[in-house]
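So the structure is just underneath, and the comments pick up after that.
All figures in this text were calculated on a predicted structure; none of them were measured in a lab.
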Amino acid sequence: MAEKSFVIAVAGNPNSGKTSLFNKLTGSNLKVGNWPGVTVEKKEGKVVRGGITFTFVDIPGTYGISARSEDERIAMDFLMKEKPDAVIVVLDSANFNRNFYLFTLIIEMGLRVIPVLNMSDMAEKRGITLHEGRFSSIFGVPFVKTVASSGKGIPGLWKVLEKMGDLEKPKHLPVYPKPVEQAVGRLMAQFPKLAGTRFQALAILDGGIVVLENEKLRQVVSELQGEIEEELDRELDELIAEKRYEFVYSIAKECVERRLRTEQKVALTDRIDRFVTNRYLGGPLFLFAMWLLFYLVFTVGNPFVDWINTGFGALSSMVSGSSIFASFVREGLISGVGAVLVFVPNIFILFFLIAVMEDSGYLSRAAFVADRFMHALGLHGKSFIPMLLGFGCNIPAVMAVRTLENEKDRVLTAMAIPYMSCSARLPVYLLFVGIFFTRYQSTVVFSLYLLGIIIAIIVARVLRRIFFTNAVSPLVMELPAYHVPSLKTAARSAGIRTAFFIKKAGTFIFGTVLVIWVLASLPAGVPYASAQSIIGKIGSAVAPVFHPAGFDSWQAAVALIFGFLAKEVVVGTFGVLYGGQAALSSAIGVHFSALSAMSFMVMTLVYIPCVATIAVIRREIGTKWATLSVCISVTLGYGLAVLVFQVGHLLGLG
């Protein structure tokens, strides 16, 4: 049995290799849950070595520690309240200055730290050498070089961990002007429970921690802030941040050797970024990359779709007879669920290509490319990252807004995300473009994705003008270096996401299709899926509403109604009501024109997000905003569908 036990937090900036290091240390001994009171994922891993039990806790990746964003608040609360035995601070060696800022905050908390100089191989390639011996002599704690992705340096880190009992706290801290140091000392002495460390005292002074419950502390802080800012003629938060960066630069000057000179070749990443993040070329290049993505989705995926479609057709023909069971298997199971599953190859390829873009480092550039445009519309450039996640699924995209620092950005981004075309909408697009736009499939689908982005930004802009008037905060984030993407990793990621899509088709969509089949079969004696069936009467009552939009068949009305549960159900509903994939194309061709098909796709893109997305919006930003999101999307979706059809009709396109 282990004689000793230690709790070790693992902290670091996003893209520093923190999670890779955590995985190397914990192996398969991983426990995943949620942090108390929030839905942010919490990872813990227990390892026993040399009679010692180590519990590693992977705290959210952050650039700073404050209460301004959900991730930073979780990190701050854990470090300050749980007081782990030590903190492994993972530093990206190739971006030392930006990463070391977090290290200064953690050492000001008075915690024991184990600094890890990760990605040392990348730094060396860029001509940057970090001298861990010099760091160790300055701070009095061991610095460890690692390459977490390959496991290099991990044995050395374990040697440090196994001597945890001898680990000292860092002996070198940032120094601030005399008035600030005096204020820190006064707060720590007068309010030891609320400002017991330098970090807490400084965070209270600069607004990183807002104290609401202690009137006396608020009065003292207000007095100190006024005195310091008057004496030094500087904003206090800016002054403290500046001194911390001066400390970082002084350490870097002492311990970091840069062999690159201006006449030497710039790193490959920087050379690529000259084009990819160029003010004029960045946007068009990103749009071309997205168009190319959809071109490959169709070019590579469609042959597989045809094979699967043929297979389901053959399977359906094998089920003969007029019994209820035969009808359910043929019209319900094969026709309904099969109509969705035929598009699995396209879904897999979409997820695979997005994973490749993400793994290569290109997708992170989208936030910077979009920042200037997003700023002009009142959104944070960082908002573009959750919006891009919405291409996969709106639910985790909405959850990702908690990484934004203020309420305005979180609310506006969450309200914009439902207009991003998630993978659930893709089967609807694939169905219609395969029938009406066979020569321009990738261009039409790309235009729908682009339309969703435009609508999302406009909605956020309007909401900002109505509900929020504060200035937009600047974008600060680290861009990872470009990497040759791992096709194995991308395939695994795409496989996991596609498996979730298939599981959803086999459970939730199957259940919905079953309900539709039952309603299409009742009352007894009426033809299956006819206007006289229960589902036909429901659809017929609603269908006239959609006449101005060009699609007034009762089947289309039913598909949209059930599409509220999940957008994949739209295709599944058509499959059940029209008799499967074989009959689907001809039936769609009868009830729709190219113009009304475009109108229907626009309606599917914009109108009411799925019920799960609404639930997540409600949980993340509140019932009021979730209700408003539903009202806006339904009104906007119907209005745009009518506009597309009516304008197209006037232009003679219908």
Side-chain angles (χ1 to χ4, degrees), residues 38-39 68-70 370 374-422 424-425 448-449 451-473 542 545-546 549 560-567 569-570 601-644:
V38 295
T39 56
R68 295 188 178 97
S69 74
E70 189 74 58
M374 302 283 276
H375 245 63
L377 296 175
L379 281 173
H380 197 287
K382 207 172 177 180
S383 299
F384 204 65
I385 296 175
M387 290 171 69
L388 282 175
L389 291 177
F391 286 159
C393 179
N394 289 170
I395 296 170
V398 172
M399 294 173 66
V401 304
R402 59 171 63 103
T403 62
L404 301 176
E405 292 185 354
N406 60 64
E407 182 188 12
K408 174 185 73 69
D409 292 330
R410 288 193 291 272
V411 169
L412 293 180
T413 306
M415 295 292 283
I417 284 170
Y419 303 102
M420 309 300 288
S421 285
C422 62
R425 295 174 172 98
L448 288 166
Y449 275 71
L451 176 63
I453 295 174
I454 294 170
I455 293 172
I457 293 174
I458 292 174
V459 168
R461 171 68 172 174
V462 172
L463 291 176
R464 187 188 75 86
R465 293 292 297 271
I466 296 173
F467 296 104
F468 303 98
T469 56
N470 295 334
V472 183
S473 55
V542 178
V545 174
F546 298 109
L560 290 174
I561 292 171
F562 281 91
F564 165 63
L565 300 176
K567 291 298 182 287
V569 173
V570 172
M601 288 189 289
V602 170
M603 181 76 183
T604 304
L605 162 67
V606 181
Y607 94 106
I608 201 164
C610 70
V611 65
T613 299
I614 295 171
V616 173
I617 292 174
R618 177 179 177 274
R619 186 178 64 201
E620 294 292 332
I621 60 175
T623 302
K624 178 186 75 172
W625 294 109
T627 304
L628 183 60
S629 177
V630 171
C631 294
I632 292 174
S633 60
V634 170
T635 304
L636 194 58
Y638 180 77
L640 286 175
V642 172
L643 181 66
V644 167

Point to revise | Residues forming a ring pair (Phe, Tyr, Trp, His ring centres under 6.0 Å) with Y449, sequence neighbours excluded | key: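 Result, ring pair (Phe, Tyr, Trp, His ring centres under 6.0 Å) vs Y449: F294, F391.
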
Kindly write out the residues that satisfy side-chain contact (heavy atoms from CB on, under 4.5 Å) with [X], not counting sequence neighbours, or none if the list is empty.
X: I455; result: Y419, L451, V459, V606, L636, L640
X: V634; result: I608, V630
X: V542; result: F546, A557, I561
X: A424; result: C422, K567, E568

Ignoring hydrogens and angles, write down the donor-acceptor pairs under 3.5 Å from the side chains of residues 621-628, residues two or more places apart or on other chains.
{"from": "T623", "atom 1": "OG1", "to": "R618", "atom 2": "NE", "distance (Å)": "3.1"}
{"from": "T627", "atom 1": "OG1", "to": "T623", "atom 2": "O", "distance (Å)": "2.9"}

Does any part of the side chain of [Y], heavy atoms only, come nearer than 4.5 Å to the side chain of [X], both counted from C-beta?
X: S633; Y: P418; result: no
X: Y638; Y: V545; result: yes
X: V401; Y: V411; result: no

Exercise for review: Could you tell me whether a side-chain N or O of R425 sits under 3.5 Å from a main-chain N or O of L605, the two making a donor and an acceptor?
Suggested key: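 Checking the backbone N and O of L605 against the side chain of R425, a donor-acceptor pair under 3.5 Å is found.
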
Exercise for review: Give a yes or no on whether the backbone of A641 and the side-chain of Y607 come within a donor-acceptor separation of less than 3.5 Å.
Suggested key: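 Not a single qualifying donor-acceptor pair exists.
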
Check your understanding: Which atom names give the shortest non-hydrogen contact between A416 and A456, and what distance separates them?
Key ->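 Where A416 meets A456 most closely, the heavy atoms are O-CB, 3.2 Å.
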
Point to revise | Minimum heavy-atom distance between A414 and V398, given as atom pair plus value | key: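 Closest approach of A414 to V398: CB-CG1, 4.3 Å.
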
Gap separating the [atom1] atom of [X] from the [atom2] atom of [Y], nearest 0.5 angstrom:
X: I417; Y: T613; atom1: CD1; atom2: OG1; answer: 9.5 Å
X: E620; Y: T413; atom1: CD; atom2: OG1; answer: 12.0 Å
X: I632; Y: M415; atom1: CD1; atom2: CE; answer: 4.5 Å

